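In what follows, a single structure is set out as structure tokens and then discussed.
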Amino acid sequence: MVVLLGLGLTGVLVAGSYLVFFIYRIFTKIMGLSMNIWLWLLVIGLAVLLSLPAVNLFSVYTVGYFYFLGLSAVFEILYFFVKNDKLRQFFQSGLISVIVVGLFIGWGYYNMNHVVKTDFTVSSHKVNNLKLLAISDLHMGLSITPEKLSKYVDEMNRLETPDFVFLVGDIVDERTDVSDMRSAFKSLSQLKSRNGIYYVYGNHDDNKYIGENAHFNHDDIKKECEVHNIQVLEDEIKTIGNITLIGRKDASFSRKSSSELLKNVDKKNYIIVLDHQPLDMKENASNKADLQVSGHTHGGQIWPLGILQAITTGTMRYGVKKIDQFYTVTTSGIAGWGYPIKTGAPSEYAYITVK
């Protein structure tokens with residue numbers, strides 16, 4: 001919490017300095033006012049007033065604040081190429097930035113609350129026309145209610161029945177109450193699957209976060225899954241016919257290595273690794289796994305932070321990645337965390353076909 005506050009204050013100090021200049025220019029260049037001590041106090045006061053709420057990094061206001069200033073900084077560059085005085089004043093006024101940011105955040109609300117089916121296709125010589133349904137990052141309670149989830153389950157059940165259903169972590173989080181937790185797993189257990197529903201924990205629905213929640217913990221989630229015939233895999237291997245599933249513990253916790261888990265697996269089988277975070281891809285590829293299904297990144301929920309995170313942490317932000325004969329599919333998830341918006345990707349459930 002202290003670290004987040006420090007980051008928020010640092011960001012606001014940097015951005016607020018630019019905001020002072022921005023307001024000063026409106027007063028002098030557009031309104032034609034002459035600066036004096038009282039006007040300077042007004043400029044600084046307005047900048048402080050507009051900047052303080054942005055110290056809270058987990059608010060829509062903060063997203064809009066930094067988007068506005070970032071976009072305005074881009075227009076600073078464009079300003080030098082615009083010859084029309086009225087158009088230049090329009091750029092300097094910030095009105096275009098307000099309009100664009102408003103539309104962008106509105107689009108983010110739409111993305112968060114409008115769940116779509118996304119098709120991914122990968123290839124393999126081991127299986128043909130294998131159908132997989134993957135759901136991650138539900139974060140039950142932020143943007144999805146039990147009623148909404150029930151509607152999405154009905155929608156998914158109208159698809160061609162998949163061979164497997166994968167719940168790839170963060171189905172619930174530290175804000176989910178016990179009633180919604182139970183509703184989530186009960187609804188998801190209704191998904192049609194030829195060979196069962198398999199679940200791996202994420203960083204938010206394991207003890208690191210859930211331990212702070214007095215209503216339920218890691219073991220309560222596992223019991224709820226068992227009640228509804230959802231199979232939990234924690235560094236465990238499950239073979240069904242010629243398909244081998246490896247469900248990993250989340251990377252936030254102590255866990256076995258990919259090499260250890262894959263060491264004695266029959267490589268003639270089609271091997272699917274379920275890992276909440278899109279990590280260890282090269283290790284999985286070198287140990288002859290065929291497919292990894294992950295979530296966690298929310299597709300880069302708040303653009304462009306997801307791109308920066310992928311670059312700095314070595315994770316995969318979104319989509320399909322191929323390493324030799326190995327594929328990783330990283331889904332943006334059916335919802336998100338922290339913010340009620342997604343400006344970096346749509347909300348989705350992933351329908352994967354292996355041909």
Side-chain angles (χ1 to χ4, degrees), residues 117 119-136 138 153 156-169 171 184-202 205 221-250 255-278 280-281 283-295 320 325-331 349-355:
K117 168 181 175 266
D119 291 295
F120 295 96
T121 302
V122 300
S123 62
S124 174
H125 65 276
K126 295 182 180 179
V127 293
N128 183 46
N129 207 34
L130 182 70
K131 304 291 186 180
L132 312 170
L133 178 63
I135 298 164
S136 80
L138 177 61
V153 167
M156 287 183 271
N157 279 339
R158 289 194 290 271
L159 304 173
E160 180 183 351
T161 301
D163 295 287
F164 295 88
V165 170
F166 301 138
L167 309 179
V168 202
I171 301 303
F185 288 105
K186 182 178 180 181
S187 287
L188 292 169
S189 72
Q190 303 304 309
L191 286 166
K192 295 177 181 178
S193 172
R194 299 183 192 280
N195 296 289
I197 303 171
Y198 299 85
Y199 166 70
V200 293
Y201 288 92
D205 50 13
I221 293 172
K222 189 167 187 177
K223 288 175 185 176
E224 201 65 33
C225 287
E226 290 170 350
V227 165
H228 296 294
N229 203 30
I230 297 171
Q231 299 187 56
V232 180
L233 299 177
E234 296 185 86
D235 280 354
E236 294 175 280
I237 301 168
K238 179 83 173 180
T239 299
I240 305 96
N242 66 332
I243 308 296
T244 295
L245 305 179
I246 298 179
R248 304 200 66 193
K249 290 183 178 180
D250 185 71
R255 65 179 186 173
K256 295 178 182 178
S257 69
S258 285
S259 298
E260 185 178 356
L261 287 166
L262 286 161
K263 182 170 57 178
N264 296 317
V265 172
D266 187 349
K267 302 304 190 295
K268 292 179 182 178
N269 286 350
Y270 187 76
I271 303 167
I272 303 172
V273 177
L274 306 179
D275 192 352
H276 176 64
Q277 300 189 44
D280 299 337
M281 291 170 284
E283 186 178 356
N284 290 331
S286 65
N287 283 282
K288 306 303 180 185
D290 296 288
L291 174 67
Q292 177 174 326
V293 182
S294 298
V320 178
Q325 301 305 309
F326 169 79
Y327 288 86
T328 295
V329 174
T330 301
T331 173
Y349 50 87
Y351 197 84
I352 304 166
T353 300
V354 186
K355 292 185 176 180

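Predicted model only: the values in this text are computed from it and were never measured. Here, residue 1 is the first one in the sequence, and each next residue gets the next number.
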Between [X] and [Y], is there a donor-acceptor pair closer than 3.5 Å when you use the side chain of the first and the backbone of the second?
{"X": "Lys267", "Y": "Leu262", "result": "yes"}
{"X": "Lys355", "Y": "Ser123", "result": "no"}
{"X": "Asn195", "Y": "Phe164", "result": "no"}
{"X": "Asn157", "Y": "Gln190", "result": "yes"}

So the salt bridge (Lys or Arg N to Asp or Glu O under 4.0 Å) pairs with at least one residue in residues 156-165 (sequence neighbours excluded) are Asp163-Arg194
How many angstroms lie between [atom1] in [X] and [atom2] in [Y], if you round to the nearest 0.5 Å?
{"X": "Asp275", "Y": "Leu233", "atom1": "CG", "atom2": "CG", "value": "12.0 Å"}
{"X": "Thr244", "Y": "Leu261", "atom1": "OG1", "atom2": "CG", "value": "12.0 Å"}
{"X": "Arg248", "Y": "Glu234", "atom1": "CZ", "atom2": "CD", "value": "13.0 Å"}

message = With side-chain contact (heavy atoms from CB on, under 4.5 Å) as the criterion, how do Leu132 and Ile272 come out once you've worked through the C-alpha distance, each side chain's angles and the decisive distance to 0.1 Å?
response = CA-CA 11 Å; Leu132 312 170; Ile272 303 172; 4.1 Å; yes
**Asked** Would one find more than 12 heavy atoms of other residues, nucleotides or ligands at under 6.0 Å from atom NZ of Lys126?
**Response** yes
Query raised in the report: Hey, is CD on Glu283 packed in by over 12 heavy atoms from elsewhere, all under 6.0 Å?
Result: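 Yes - once you tally the heavy atoms of other residues, nucleotides and ligands closer than 6.0 Å, there are more than 12.
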Check: Ser259/Asn287 side-chain N/O donor and acceptor closer than 3.5 Å
yes
Residue set satisfying ring-ring contact (aromatic ring centres under 6.0 Å, His included) with Tyr327, at least two apart, ordered chain then number -> none
| Pick one: which of Thr330, Thr331, Val329, Val168 meets side chain to side chain contact (heavy atoms under 4.5 Å, CB included) with Pro278? |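 So, applying the side chain to side chain contact (heavy atoms under 4.5 Å, CB included) to Pro278 and each of Thr330, Thr331, Val329, Val168, only Thr330 qualifies.
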If the condition is salt bridge (charged side-chain N to carboxylate O under 4.0 Å, His left out), which residues does Lys117 pass it with, not counting sequence neighbours?
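For Lys117 the salt bridge (charged side-chain N to carboxylate O under 4.0 Å, His left out) partners, ignoring immediate neighbours, are Asp119.
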Give the minimum heavy-atom separation between Lys288 and Ile271, together with the two atoms involved.
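The answer is O-CD1, 3.6 Å.
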Next item on the list: Please step through side-chain contact (heavy atoms from CB on, under 4.5 Å) for the pair Ile221 and Phe185, ending with a clear verdict.
Entry: CA-CA 9 Å; Ile221 293 172; Phe185 288 105; 3.6 Å; yes
